[in-house]
Protein chains: 2
Amino acid sequence: MLTEDHFTLSEGAEHNNPRFLACKYCRALSLCEFSSGEGRQSKNDRKIIKRHRKIRRGEFPYRAGDPFHSICVICSGAVKTYALNRDGSVQITGFHISGELMGLNAVNTKQHTCDAVALENTYICEILYSHLQELCDESFIARRLIFRILGDQIAHDQMVLMPLIGAKSATQKLAAYLLSLSQRFERRGLSTDEFRLSMSRGDLGNYLGLAKETVSRLFSRFVDEGLITLKARHIRINDRKRLTLMATKAPSV
Amino acid sequence: MLTEDHFTLSEGAEHNNPRFLACKYCRALSLCEFSSGEGRQSKNDRKIIKRHRKIRRGEFPYRAGDPFHSICVICSGAVKTYALNRDGSVQITGFHISGELMGLNAVNTKQHTCDAVALENTYICEILYSHLQELCDESFIARRLIFRILGDQIAHDQMVLMPLIGAKSATQKLAAYLLSLSQRFERRGLSTDEFRLSMSRGDLGNYLGLAKETVSRLFSRFVDEGLITLKARHIRINDRKRLTLMATKAPSV
DNA sequence: CGGCCTTTTGACAGGCTTCAAACTGGGTGG
DNA sequence: CCACCCAGTTTGAAGCCTGTCAAAAGGCCG
């Protein structure tokens, strides 16, 4: 499915260049190259994908209430999404890293229900959903692709979120989430054992339903026990086996 | 989209007859009538949907490892799904009531990852997924329908599951889940304020990450405070406003 | 009507949150 | 380039919430 077209857009890229990373991950998704590969005959082919929008730390890819018009692919960087409760408190609904999609929960409502904010300088590609749907009317491959994207999202939500709800201790929650993060980095072709935690302890706590102090204390305990190494927001997993045990087993450990 | 065909299948039905309920809810989904309405010209039209399979309490609609071949619609009754951890402990992944879909998380893996077991005598319709996909190649409406189904599932997971993860107290969790259950019954045309809890306290606790005793105690407290009325597994919500407050607000109430 | 599973209620121990204070690190301006 | 500053992080102490263990009461099904 790769086309020169595709590579042209990334020309001059180097390994550390976010534009290059973008296409590397989109390729893994087989979404970007598809969007640029199909429909070449049309003059509007470029409109289906808006490439490499730069979003600085603290800026918003989209806000709650914005009309939904495109699926966002994170090329590099990280984004958190959150909803505001009526009483003013915030509920973080997810963290999204390079190669992942954002905003799929709005495909039916046609309106974003969460705010999205960049945790660090971030590049995103936007794929216009209405155009992608039109493409589906013509292309068998597009149909299967979009089914796969939606299905993956459902499977991901079920498999990752459920253990976090059912976890009976803070230890379980944090261990489980670290492992799921690790898997996500691996799936994007990055290191499984060593990665950057772009979110603050407070954000993590809010997401997992824990106080930020508890998160901090658990990290310290994990370090003491040799499970992980931590330098500021850079984490390395040293003992995946035991971490997995803590994620599933009863809190009596 | 309704056809005589459709009504024929439910003939002789009465309001309390599960077969009638089946079609009532499927109509709400616009999935069943579509499946029987489209493709009438074909001789295979009946194969796309397998109607009204009866499943007794304790029986399994499907097991983990089974090949995924159809989307299950619950006509009447209730089903829980759960996964087994390596250490033998179970993690309940969801409760499904009449009018809802099951097994969507397997559309891509092509293999079920959870066990599903009926909490009471249950009727389900099965819609063959491969046939539905083929239908998508021919029908615009089928495409939009399946997008809507998948999109709804994603939105549901995001909106319902996230608050449960982020809840900071047992009270929040249980109140939030009762309200989301209530919404689900309403969406299916049933009473918002009065419904049956098909699952045991233990199941609820397992799902929410609470001890069954805690669930029981919270129910008692809710009753004492006049928020709900409880008779065995029949619940009535008396003060939705305050229950909503407990679902979002800090545990200091 | 009897047996069994579920639910309720109590007591206690332990984990988590809250409040508070000291510390660290990244970003800014001189 | 360095010092400063502030947000984020770590660590401590105390109190509440929730899990665990235990026993009694209730409800459902044969």
Side-chain angles (χ1 to χ4, degrees), chain A residues 56-59 78 80 89-90 92 117-121 164-175 177 196-225 228-235 246 249-253, chain B residues 56-58 78 80 89 92 117-121 164-175 177 196-225 228-235 246 249-253:
Chain A
R56 286 198 175 72
R57 195 161 81 93
E59 291 178 344
K80 74 173 172 185
S89 65
V90 305
I92 292 178
V117 60
L119 292 167
E120 48 193 76
N121 292 340
L164 294 181
I165 294 178
K168 281 182 199 90
S169 71
T171 310
Q172 277 190 342
K173 279 189 179 182
L174 188 61
Y177 191 66
R196 177 177 155 75
L197 292 168
S198 317
M199 69 295 278
S200 72
R201 308 288 192 263
D203 283 347
L204 250 179
N206 180 297
Y207 176 71
L208 295 174
L210 305 171
K212 58 184 178 299
E213 295 92 335
T214 305
V215 175
S216 181
R217 260 183 266 267
L218 285 174
F219 272 138
S220 301
R221 221 185 78 199
F222 287 174
V223 170
D224 287 347
E225 296 183 7
I228 62 173
T229 308
L230 207 55
K231 246 181 204 146
R233 291 191 177 179
H234 188 92
I235 189 174
M246 306 189 90
K249 217 168 193 178
S252 60
V253 177
Chain B
R56 287 197 174 73
R57 195 162 81 93
K80 74 173 173 184
S89 63
I92 293 178
V117 60
L119 292 168
E120 48 194 77
N121 291 341
L164 294 181
I165 295 177
K168 281 182 199 91
S169 72
T171 310
Q172 277 191 341
K173 278 189 180 182
L174 188 60
Y177 191 65
R196 178 178 154 74
L197 291 168
S198 318
M199 69 295 278
S200 71
R201 308 288 191 264
D203 282 347
L204 249 179
N206 180 297
Y207 176 71
L208 295 173
L210 305 172
K212 57 184 178 299
E213 296 92 336
T214 303
V215 175
S216 181
R217 259 183 267 268
L218 286 173
F219 273 138
S220 302
R221 222 185 76 200
F222 287 174
V223 170
D224 288 347
E225 298 184 6
I228 63 172
T229 309
L230 208 55
K231 245 181 204 145
R233 291 191 177 180
H234 188 90
I235 189 174
M246 305 190 89
K249 218 167 192 179
S252 60
V253 177

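The basis for the numbers below is simple: all heavy atoms, side chains too, and nothing from hydrogens, waters or symmetry mates. In what follows, every chain begins at residue 1, and chains take the letters A, B, ... in the order their sequences are listed.
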J.: When you measure from the side chain of B/A170, which nucleotide among C/dT18, D/dT18, C/dT9 comes out closest?
T.: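 The answer is D/dT18.
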J.: Grab the two heavy atoms, one from B/Q172 and one from B/K168, that are nearest each other, plus how far apart they are.
T.: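 Closest approach of B/Q172 to B/K168: OE1-N, 2.6 Å.
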J.: Provide, to the nearest angstrom, the distance between the CG atom belonging to A/L174 and the P atom belonging to C/dG15.
T.: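 After rounding, the reported distance stands at 16 Å.
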J.: Tell me whether the side-chain N or O atoms of B/R221 pair up with the base of D/dT18 as donor and acceptor below 3.5 Å, since no angle test is needed here.
T.: no
J.: If a protein heavy atom is under 4.0 Å from the base, mark B; if only from the sugar-phosphate, S; if neither, -; do that for nucleotides 22-30 of chain D going 5' to 3'.
T.: ------S--
J.: State the CD1-OG1 distance between A/I235 and A/T229, to the nearest 0.5 angstrom.
T.: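 Reported value, rounded in 0.5 Å steps: 8.5 Å.
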J.: Atom CG of A/L210 to atom C1' of D/dT9: distance rounded to whole Å?
T.: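 Going from A/L210 (CG) to D/dT9 (C1'), I get 16 Å.
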J.: When you measure from the side chain of B/L230, which nucleotide among C/dT18, C/dT8, D/dT10 comes out closest?
T.: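 Minimum distance to the B/L230 side chain belongs to C/dT8.
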J.: Could you give the distance from CD1 (A/I92) to CE (A/M199), rounded to the nearest 0.5 Å?
T.: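 The CE atom of A/M199 is 8.5 Å from CD1 of A/I92, to the nearest 0.5 Å.
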J.: Calculate the interatomic distance between B/I235 atom CD1 and C/dT7 atom C1'; express it in whole Å.
T.: 15 Å
J.: Side chain to side chain donor-acceptor pair (under 3.5 Å): which pairs involve residues 197-211 of chain A, sequence neighbours left out?
T.: A/K80-A/D203, A/E120-A/S198
J.: Look at A/S220 and D/dT11 and indicate whether a side-chain polar atom (N or O) is within less than 4.0 Å of OP1 or OP2.
T.: yes
J.: Rounded to the nearest 0.5 Å, what's the gap from CG on B/L119 to CZ on B/R196? Could you check?
T.: 9.0 Å
J.: When the distance from NE2 of B/H234 to P of C/dT7 is rounded to whole Å, what number comes out?
T.: 16 Å
J.: Give the rounded distance in Å between these two atoms: NZ of B/K212 and P of C/dT8.
T.: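 One finds 12 Å between P of C/dT8 and NZ of B/K212, rounded.
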J.: Which of residues 198-206 of chain A have a heavy atom under 4.0 Å from DNA chain C?
T.: none
J.: Rounded to the nearest 0.5 Å, what separation is found between the CZ atom of B/R56 and the CG atom of B/N121?
T.: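 Answer rounded to 0.5 Å: 7.0 Å.
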J.: Measuring from B/L164:CG to B/L208:CG, what's the distance to the nearest 0.5 Å?
T.: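 These two atoms lie 6.0 Å from each other.
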J.: In whole angstroms, how far is the P atom of C/dT6 from the CZ atom of B/R217?
T.: 18 Å
J.: Restricting to non-hydrogen atoms, name the atom on B/A170 and the atom on B/T214 that form the minimum distance, rounded to 0.1 Å.
T.: CB-CG2, 4.0 Å
J.: Among the nucleotides D/dA13, D/dT10, C/dC16, which one has an atom lying closest to any side-chain atom of A/T214?
T.: C/dC16
J.: Quick one: does B/I165's side chain get under 4.5 Å of A/Y177's, heavy atoms only?
T.: no
